[in-house]
Asker: 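What follows is a single structure, and I will ask about it in a moment.
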Number of protein chains: 2
Amino acid sequence: MLTERQALILKVIIDEFIETAQPIGSRNIAKREDVAFSPATIRNEMADLEDEGFLSKTHSSSGRIPSEKGYRFYVDHMMSPLQLSSDEVRLVQSQFDDRMIEMEKVMQNSAHILSELTQYTTLVLGPEVYETKLKQLQIVPINKQSAIAILVTDTGHVEHRSFAVPSEIDHSDLEKVVNILNEKLVGVPIVYLDRMIESEVIDLINRYTSNFQKSYDLIQKALFNHQTTSLYVSGKSNILMQPEFNDIEKARSLFNVMESEDQIAPILKTNQEGLKISIGHENEMEVMNNCTLITATYTLGENQIGTIALLGPTRMEYAKAVSLLDLWSNHMSQSLYRWFND
Amino acid sequence: MLTERQALILKVIIDEFIETAQPIGSRNIAKREDVAFSPATIRNEMADLEDEGFLSKTHSSSGRIPSEKGYRFYVDHMMSPLQLSSDEVRLVQSQFDDRMIEMEKVMQNSAHILSELTQYTTLVLGPEVYETKLKQLQIVPINKQSAIAILVTDTGHVEHRSFAVPSEIDHSDLEKVVNILNEKLVGVPIVYLDRMIESEVIDLINRYTSNFQKSYDLIQKALFNHQTTSLYVSGKSNILMQPEFNDIEKARSLFNVMESEDQIAPILKTNQEGLKISIGHENEMEVMNNCTLITATYTLGENQIGTIALLGPTRMEYAKAVSLLDLWSNHMSQSLYRWFND
DNA sequence: ATTAGCACTCGTTGAAGGTGAGTGCTAACA
DNA sequence: TGTTAGCACTCACCTTCAACGAGTGCTAAT
């Protein structure tokens, strides 16, 4: 489809543009050592590349900038997998030591470090809790009127929520119900808790007084109606540093989206394993039309999948971002496997 | 110090400037119904006010804008305590119902609602945990190599941290240590835990095998070396909406600060009860020299004090911000008292 | 097929001039 | 003596214009 020379020129333009954010002219390309043609030749090739849709201009006599199709081709066919510096690799490895053995910490830390390393915004979506199993249920009375319910999963996820305790309910009642629930429910996948309760536990509870029913209702409300999309975002303000967002209006609208979990979480949910790169208008959301989102999935056990993503301008350091994300998600999957699957 | 007429003019200028963010000219002031003087008179008064330092100009023939001293005078002597709309009052009241009975939720929700209501950035600093007391300690084993320690305080604060369990330590050992700790330490203020352990518990533990010592060390590490400044920030991007931050560089540097808990938390820590308003250069931090920070304290019990703050441009809607923050912190203190002090 | 040469395009910069909202000052007025 | 009308002046802002230069496309020579 593209001649070797065209590919070279396209690659040079994209590499340079990623670095400088400025349109690239033929003379500048010709100056490079790895390019042996005159500006005029390059101009001809660039005109062809523009006809094919790989490049575009900011105005009729400006240098060229990559189009989204250009980036797409670059990403699919030309990207040399950047060798990460040994410093970076070591830093990544050092993150997955003994301290990272709790999902919250892993995700928080991942978001933080990756945004530091890339200077892009990092989004980490926790694994769907559906496959995780109940490890323990616990009620801690705080005072006459309130108590805290704590649910621990086998992934080390701790969920807690306080609730009001009506005066007619005694703490000892709650305790008994919790005991029953623990007995029957430990080891049950969170997603089946509801069903399991229906079929096995309800009967048992009904044998006791009506207060038990009320206690159960309380706990049920406190813990099982939880929606737990755990989203961690770090380095939001990095996006401000990109010259693409010198226009404050663009920054504003993107920030509005990033502030809202509801809008971000769905974009990250994916079934496709491995890396996925969405360039510009490939992103459904309009405010992200001048952004690239690279998502990678990590696994926890067999079916649980979480997502980790980098959000930057379309003019992204693809090679570095991809390499880092790949390295990270692999380490993360391995590390999680070590910790939660034996 | 100021004549009545000067005060009126100053107030009008500040009110108008807060609304429009534009320098105010004498003609515009004269047009207002509550001002009965000619532009020339007003100009004379404005010149005097400028000499006194209450006003300044953006250039030699521009209208006046309030100086920091002007805002200070306004805040100290002239601010009419805005009657909040009944909608707003109702909204605030409705926030402190049965669902708000857990510190994390209270703070998170406070930050969120206040930033929505004011369109400024809201910062909430949790109460120092020093006075809170241990309610319960709990260890939940996750697998052979890891366990989660959970600490619940009498304020409903849940702290959890996972830790690696060396192979030579048995879970039953951990359990026994936890039992001992619970027996001795429930009800002890968090800040005294260390001392209490030294004096009372250590002996007890030393009577048992050395494994107990190791178990204890583990738990100690996992739970008691926690630094728990709980800071919640909401509406960071609101600051972008203010025309003061159309200059993207200013926005960038302020964002950098807001992203870092370490820099924000100290500013909020205060002993002074009640409201405090820091205008412009009254803020120590340089990036906040064109901002106003209004902090209010709330109490939980006798000595525990937390802070809730609004951060906006110096051209802030002081009356509204102050009224809201006051209303909120009072409700919050009352609500917390109801929940955690009986 | 490649490239040198050249006319052309268009964004950027800076200077010049006009406009208008604002001021300070002076002199007239109540 | 305090207030106000009048007027000259200032300065940010906008528009226009010309010069500049980095870049292009096209043509003709190599």
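To find a chain, count down the sequence lines: A is the first, B the second, and so on, and within it residues start at 1.
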Asker: Between C/dG24, D/dT3, C/dT3, which nucleotide gets closest to the side-chain atoms of B/A47?
Answerer: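 Closest nucleotide among those given: C/dG24.
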
Asker: Closer to the 5' end of DNA chain C via nearest nucleotide, is it B/S61 or B/A40?
Answerer: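 Between the two, 5'-proximity favours B/S61.
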
Asker: Check this for me, if you would: do A/E19 and A/R315 make a salt bridge, where the nitrogen-to-carboxylate-oxygen distance has to be below 4.0 angstrom?
Answerer: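 Salt bridge between A/E19 and A/R315, a charged N being under 4.0 Å from a carboxylate O: no.
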
Asker: For C/dG11, does OP1 or OP2 lie under 4.0 Å from any side-chain N or O of A/K57?
Answerer: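 Answer is no, no contact under 4.0 Å.
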
Asker: Report the distance from atom CD1 of B/I42 to atom C1' of D/dT4, rounded to the nearest whole Å.
Answerer: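 It is 11 Å, rounded to the nearest whole Å.
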
Asker: Given D/dT4, C/dG22, D/dG25, identify the nucleotide with an atom nearest to the side chain of A/R64.
Answerer: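 Per side-chain heavy atoms of A/R64, the pick is D/dG25.
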
Asker: Here's a test of your reading of the structure: between B/R43 and B/S60, which maps to the more 5' nucleotide of DNA chain D?
Answerer: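 On the 5' side of the pair lies B/R43.
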
Asker: Please determine whether a side-chain nitrogen or oxygen atom of A/T41 lies at a distance below 4.0 Å from atom OP1 or OP2 of C/dT3.
Answerer: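 It does, given that an N or O in the side chain of A/T41 lies less than 4.0 Å from OP1 or OP2 of C/dT3.
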
Asker: Between B/R5 and D/dT3, does any side-chain N or O lie under 4.0 Å from OP1 or OP2?
Answerer: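 So the side chain of B/R5 is within the cut-off, an N or O lying under 4.0 Å from OP1 or OP2 of D/dT3.
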
Asker: If we count only N and O atoms by modelled type, under 3.5 Å, do the side chains of B/S234 and B/S115 hold a donor and an acceptor together?
Answerer: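 Distance-only check passes for B/S234 and B/S115.
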
Asker: When the distance from CZ of B/F37 to P of D/dT4 is rounded to whole Å, what number comes out?
Answerer: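 Value for this atom pair: 8 Å.
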
Asker: Measure from CG on A/L55 to P on D/dT24 and round the result to the nearest Å.
Answerer: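 Nearest whole value for this atom pair: 11 Å.
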
Asker: Go through the N and O atoms of the side chain of A/R27 and the base of D/dG21, and report whether any donor-acceptor pair is under 3.5 Å.
Answerer: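 No, the side chain and the base share no sub-3.5 Å donor-acceptor pair.
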
Asker: Atom CD1 of B/I13 and atom C1' of C/dT23: how far apart are they, to the nearest Å?
Answerer: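 From B/I13 CD1 to C/dT23 C1': 13 Å.
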
Asker: Hey, is A/E259 close enough to B/K236 for a salt bridge, meaning N to O under 4.0 Å?
Answerer: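 Salt bridge between A/E259 and B/K236, a charged N being under 4.0 Å from a carboxylate O: no.
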
Asker: What integer distance in Å separates B/Q22:CD from D/dA12:C1'?
Answerer: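 From B/Q22 CD to D/dA12 C1': 12 Å.
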
Asker: Do A/T297 and A/S329 have side-chain heavy atoms sitting under 4.5 Å apart?
Answerer: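 A side-chain contact under 4.5 Å is absent here.
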
Asker: Nearest-Å distance, NE2 (A/H59) to C1' (D/dG21)?
Answerer: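 It is 11 Å, rounded to the nearest whole Å.
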
Asker: Give a yes/no answer on whether the side chain of B/S26 brings an N or O atom under 4.0 Å of OP1 or OP2 in C/dT23.
Answerer: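 Yes, because at least one side-chain N or O of B/S26 sits under 4.0 Å from OP1 or OP2 of C/dT23.
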
Asker: Within this structure, what is the CD1-to-P distance between B/I24 and C/dT23, rounded to whole angstrom?
Answerer: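 So the CD1-P distance, B/I24 to C/dT23, works out to 10 Å.
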
Asker: Give the rounded distance in Å between these two atoms: CG of A/D48 and P of C/dA1.
Answerer: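 After rounding, the reported distance stands at 12 Å.
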
Asker: Closest approach to the side chain of B/N44, judged atom by atom: which nucleotide of C/dG11, D/dT4, D/dC7 is it?
Answerer: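 From the listed options, D/dT4 comes nearest.
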
Asker: Assess the pair B/Y74 and B/F54: is the distance between their ring centroids shorter than 6.0 Å?
Answerer: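 B/Y74 vs B/F54: aromatic centres not under 6.0 Å.
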
